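Below is one structure, written out as structure tokens; the observations come after it.
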Amino acid sequence: MADEVADRTKKVISTILKVPMERVVPSAHFIKDLGMESVKSIELMAALEEEFDIEIDSDKVGDVLTVEKSIAYVKTVVG
């Protein structure tokens, strides 16, 4: 399940940010490495909520700035 969450999260990130999957590595920073703008962060959050049928607490995602942290966050919410 854990790998499935990681794979699905990376796919959503790749799709929303329009970057190739090979650039969506754990250490990739959304802004510095993947060129995410603030509008895209809202779109990404909504897409992850839809993909996993979860609700993301917008107050807690401020520190989620890398692919690795986003995967870890989704795992905590998904359980």
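Each residue takes its place number in the sequence, starting with 1. Note that the coordinates shown come from a computational prediction; the quantities given were computed from them, not determined experimentally.
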**Asked** Quick one: do I54 and V12 end up in the same hydrophobic cluster if we chain Ile, Leu, Val, Met, Phe, Trp and Tyr together by side-chain heavy atoms under 4.5 Å apart?
**Response** yes

**Prompt:** From I16 CD1 over to S41 OG, what is the distance, rounded to the nearest 0.5 angstrom?
**Reply:** 11.5 Å

**Asked** Are V25 and M36 grouped together when hydrophobic residues (ILVMFWY) are joined by side-chain heavy atoms under 4.5 angstrom apart?
**Response** no

Run the side-chain donor-acceptor check on residues 55-71: report pairs under 3.5 Å with partners two or more places apart or on a different chain.
from: D57; atom 1: OD1; to: D59; atom 2: N; distance (Å): 3.0
from: T66; atom 1: OG1; to: K69; atom 2: N; distance (Å): 3.1
from: S70; atom 1: OG; to: V67; atom 2: O; distance (Å): 2.7

**Complete:** Looking only at heavy atoms, the pair that brings M21 and K11 closest together is SD-CA, 3.8 Å

**Prompt:** So, does S14 use its side chain to make a donor-acceptor pair with the main chain of K10 at under 3.5 Å?
**Reply:** no

**V74 side chain near F52 side chain, heavy-atom distance below 4.5 Å** = yes

**Complete:** Interatomic distance, CG@L48 vs CD1@I13, rounded to 0.5 Å, equals 6.5 Å

**Message:** Enumerate the salt bridge (Lys or Arg N to Asp or Glu O under 4.0 Å) contacts for residues 17-43, please, sequence neighbours excluded, ordered by first and then second residue.
**Reply:** K40-E43

**Complete:** Those residues at least two apart in sequence (or on a different chain) that pass salt bridge (Lys or Arg N to Asp or Glu O under 4.0 Å) with E49 are none

**Heavy-atom pair of closest approach, residues V5 and K75** = CG1-CG, 3.6 Å

**L34 side chain reached by H29 side chain, heavy atoms, under 4.5 Å** = no

**Prompt:** For the atom pair CD (E4) and OG1 (T9), what is the distance rounded to the nearest 0.5 Å?
**Reply:** 9.5 Å

